[in-house]
Amino acid sequence: MTQVAPAPLAERTETVTAYMRVAGLDKTFGKVHAVDDVSFEVRPGEFLTLLGPSGCGKSTTLRLIAGLERPDAGEIEVEGRVVTSPRRGVFVPPEKRAMGMVFQSYAVWPHMTVFENVAFPLRVRRRPSGEVRERVTEVLATIGLAGMADRPAPDLSGGQQQRVALGRALVSNPRLLLLDEPFSNLDARLREGMRVEMGQLQRRLGLTTIFVTHDQTEAMMLSDRIFVMNAGRVEQAGSPREVYEHPASRFVMDFLGRINYLAASVGRLSDGSLGARLADGTDVAVALPDGLGEGRPVTLAFRSADVELSAPTEGTGWPGVVHTVAYMGGREEYLLKMAGDAEIKAERATQNLTLGTPVGVHVPPHKIRAWPD
Amino acid sequence: MAVSARRRLALAPAFTWRGPSLGRLTVGALALVLAFLILSPVLALVYGALLNAPPGTAGTLSLDAFAQAWSDKDAWTSALTSLVLALARMVVVIPITLFLAWSITRTNMPLRRVMEALVVCHIFLPFLPLVMSWAVLASPRAGLLNVGIRNLFGLHQPTGPLDVYSYGGLIFLSALGLPTYLYLLVAPAFRSVDASLEESARMSGASPLGTLFRVTIPLLAPAILGAAVLAFVQALQSFEPELILGTPAGIFVFSTQIYRYIEGYSTPRYGPATALSLVFLVVTFLLVLAQTRMLSGRRFTTVSGRGFQARALDLGRWRWLIFGLVLLYVTFSTLLPLVTLALASFMKIYGLFSADPFTTAQYTKLFSNPKLIPALRNTLYLAAGSATLGIVLTVFTGYVVVRTKIAGRGVLDLLTWVPVTVPGIVLAVGLIWAYVGLVRLPFPVYGTIGLLIVAVTITTLTTGARTMNGTMVQISPELEEAARMHGASFVQTVRRVVLPLMTPAMMSCWLLLFAFAVKNFVTVSVLYSPQSVVVAALQFELWSGGQPEVAAALGTINMLFSIGLVLVYSLVLRRATAGQRA
């Protein structure tokens, strides 16, 4: 296994105290254990992402932090102040938490104009109207809606509604910004632009942000750290590079890319070390999890993007034949038929291989993970 | 994102195979039938008001009728009473409705489903038996509640403290009945509010109460405003409580005054009855018009496909208090009257607890009443006939209005709105003028069950059309387009795709219209004859003929039957929703 440089943020942990702390958070809806003993710390100015499939508990975790949901157990602490603790009978209502939140549906109030929507957090806090006008104008400029202050909210496009929602979340200088799948209702082109903008804005304002998404690309682009969640638990926490390159579980690996799986068993390789042996007898030199004896069944997993193809004349690699080709524009996806009926997906920059072409398949051993069955 | 559900088929779907003219002909014919049904009583009313003779006799044009009504103090008093009562009722009913809608749709109050069913089932219950039960509960001398209160507080007065034969009693009764009707109008709006609209207010620093007043209520303002006007219109049209409870107390409103002109004199006074009807009609028409004007363009799209959340507000320890209040409402509006009426039907003297008060003799008397069997049979004909006719007409108009681009479909839609503006008693007077005074048919019409069916069908059209249009909108045009693309003709598409998809809605709507026909007395009150007597009419005859105990026996049977309808209705609905999920 190649050594990965430690994530820069991991060093900061020791020097800077946590901005927010979540400990032992637990929430059950009926029979569904939505959040199962979740604990983590958030550093000041960090962009933290809760990533996972729908129903993994990421949104519930966010709503628990917001105070829109009460946990069954656990504690939430912001800047050293406990805001939620059923054990101690503490529950600060959402309006007293001074957090900003962008909802998946934007939740822009249709009976108000753009200005009124953004001004709302200041008005409920009874700020003088001069200050409200000044601050809202400033925020509208920041989010690119200057000059649209008097538009009725229902007249806005999806992207504009989202800007309003963001402006509303930022206007009262919140201590923490919560984003609940804010991009999922936008079309692809708009989504990309908003991602970049949101990332730049967050960094410029230095705002501690917790972001919930099921989109791994978004998570990779924006996050300082990613928490991959599954079935109410955090499966892995780390920098985008860490979770992508060193997935801690089969679930995390599967969630973060297109994966090939091959059935194999532990076997003694020609050099005498332990490795994996495929059904057709091919030996694969791969790092194994500790404590697996010879003959134990394992599944080998590797990303289709890590599959390298060479012409078979070079005499290297595992022989296969191109079975289907999908042209993706600048990139191609091949389905390869291997000896012994195995299939392998490969994603490459266009190599112009045609159907039926014999190829040699090579996967760098350190890109292959072996999971015990 | 708000996607318009009202996509219309691009091709005038139907009729391309025989040229577009058949489509227009069909729609034209349909429009004519509807227009005749709906507009003939209205126009006949105008005609009758300008005639100085009763329906069916020769007369000349004059303003006599208006002069008579104008100079009659009773007419003035009733008009004023109507307006004041309606205003008072609106003020009482709106907060109750909002409270019910809010607690059932937006909170985590316990047993919300059950409470909703109990609130909604009231709309199926017949008017007269409900009113009669309150005569037992709160009549000044022997009313059960009065006796109870007097004993509890050791009051030594012979009457009171409650008196249902009063303005207060009438307002109280509407406070128990009208909210159901309005609930059905307001609840969908309450439900459609995306909870994240409220949550984002909380995250922005607003308190729960602040959120209610700054976000929830303004969002619902159009729906609430619309409901308020309709509450006023409904209250203005109220008839049965005034007839049973208002008349003995000398309280007359528009509807009972018109009834009194026709039934309360040795010869019917059609002149002032018609003039007053016309005034009444204009008032309600203007109100409904104002309501639609107010609402046009103010309907907020509370949309959002993905991420829509209908989360319940956590009431905390208040939930049982809220539950108690809703339960109290349901008890007074439905449970208590039902039990009381059943009790009274087994008493020797209506509502009087003597030494040995109970008997089954009232049922014996009822079953030996020669009018009972005709009344039951006529009620079945009336209810089944008007519900079926109503469904057929509104399915047709619904399809044309929602799905086609045929010119003139807007007129059809508009026509289906007219009946809601015509009070039941006014419709009845109009029908008398139409079928006795104007249209000469070769066979007698007045007093027949056929005329009753026509009358009640007209009253059902607005409800039927709303339901059918709503259902039609829900069925994606693509389902029809797919059938056409796969080789089905228009007729086959309707038969194999559209109608099967609409069947559950049609069935539940049919049951609702059936129940409306059974519970209605106002529309048939001046139209029925001995040969076309219906259950509601027989109840009233027994009641006013000095046999309230027998009326209660019939009322109890009627109530139980209506509750049976409710159960079938909810079963059909459950089937329908289960089918949608599958």
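Every chain is numbered from 1, with letters handed out A, B, ... down the list of sequences. If you're wondering where the values come from, they're calculated on a predicted model, not measured in any experiment.
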A/Pro93 side chain near B/Arg202 side chain, heavy-atom distance below 4.5 Å: yes

Which atoms of A/Leu122 approach chain B - backbone, side chain, both or neither, heavy atom under 4.5 Å: neither

Taking every non-hydrogen atom, the tightest pair across A/Val124 and B/Ser204: CG2-O, 3.4 Å

Residue A/Arg97 versus chain B: region with a heavy atom under 4.5 Å: neither

Nearest-0.5 Å distance that lies between atom CD in B/Glu198 and atom CG in A/Leu68: 11.0 Å

Whether over 12 other heavy atoms sit under 6.0 Å from A/Glu197 CD: yes

Separation between CD of B/Glu199 and CZ of A/Arg63, rounded to the nearest 0.5 Å: 4.0 Å

Atom pair CG/NE2 of B/Leu197 and A/His111 - distance to nearest 0.5 Å: 8.5 Å

Contact origin within A/Val108 toward chain B - heavy atom pairs under 4.5 Å: backbone

Exercise: identify the closest heavy-atom pair between A/Glu95 and B/Pro208: OE2-CD, 3.3 Å

Spacing of B/Ser200 atom OG and A/Trp109 atom CH2 [to the nearest 0.5 Å]: 4.5 Å

Closest heavy-atom pair and its distance - A/Ala107, B/Ser196: CB-O, 3.2 Å

B/Gly205 to A/Arg125 - nearest heavy-atom pair and separation: CA-NH2, 3.7 Å

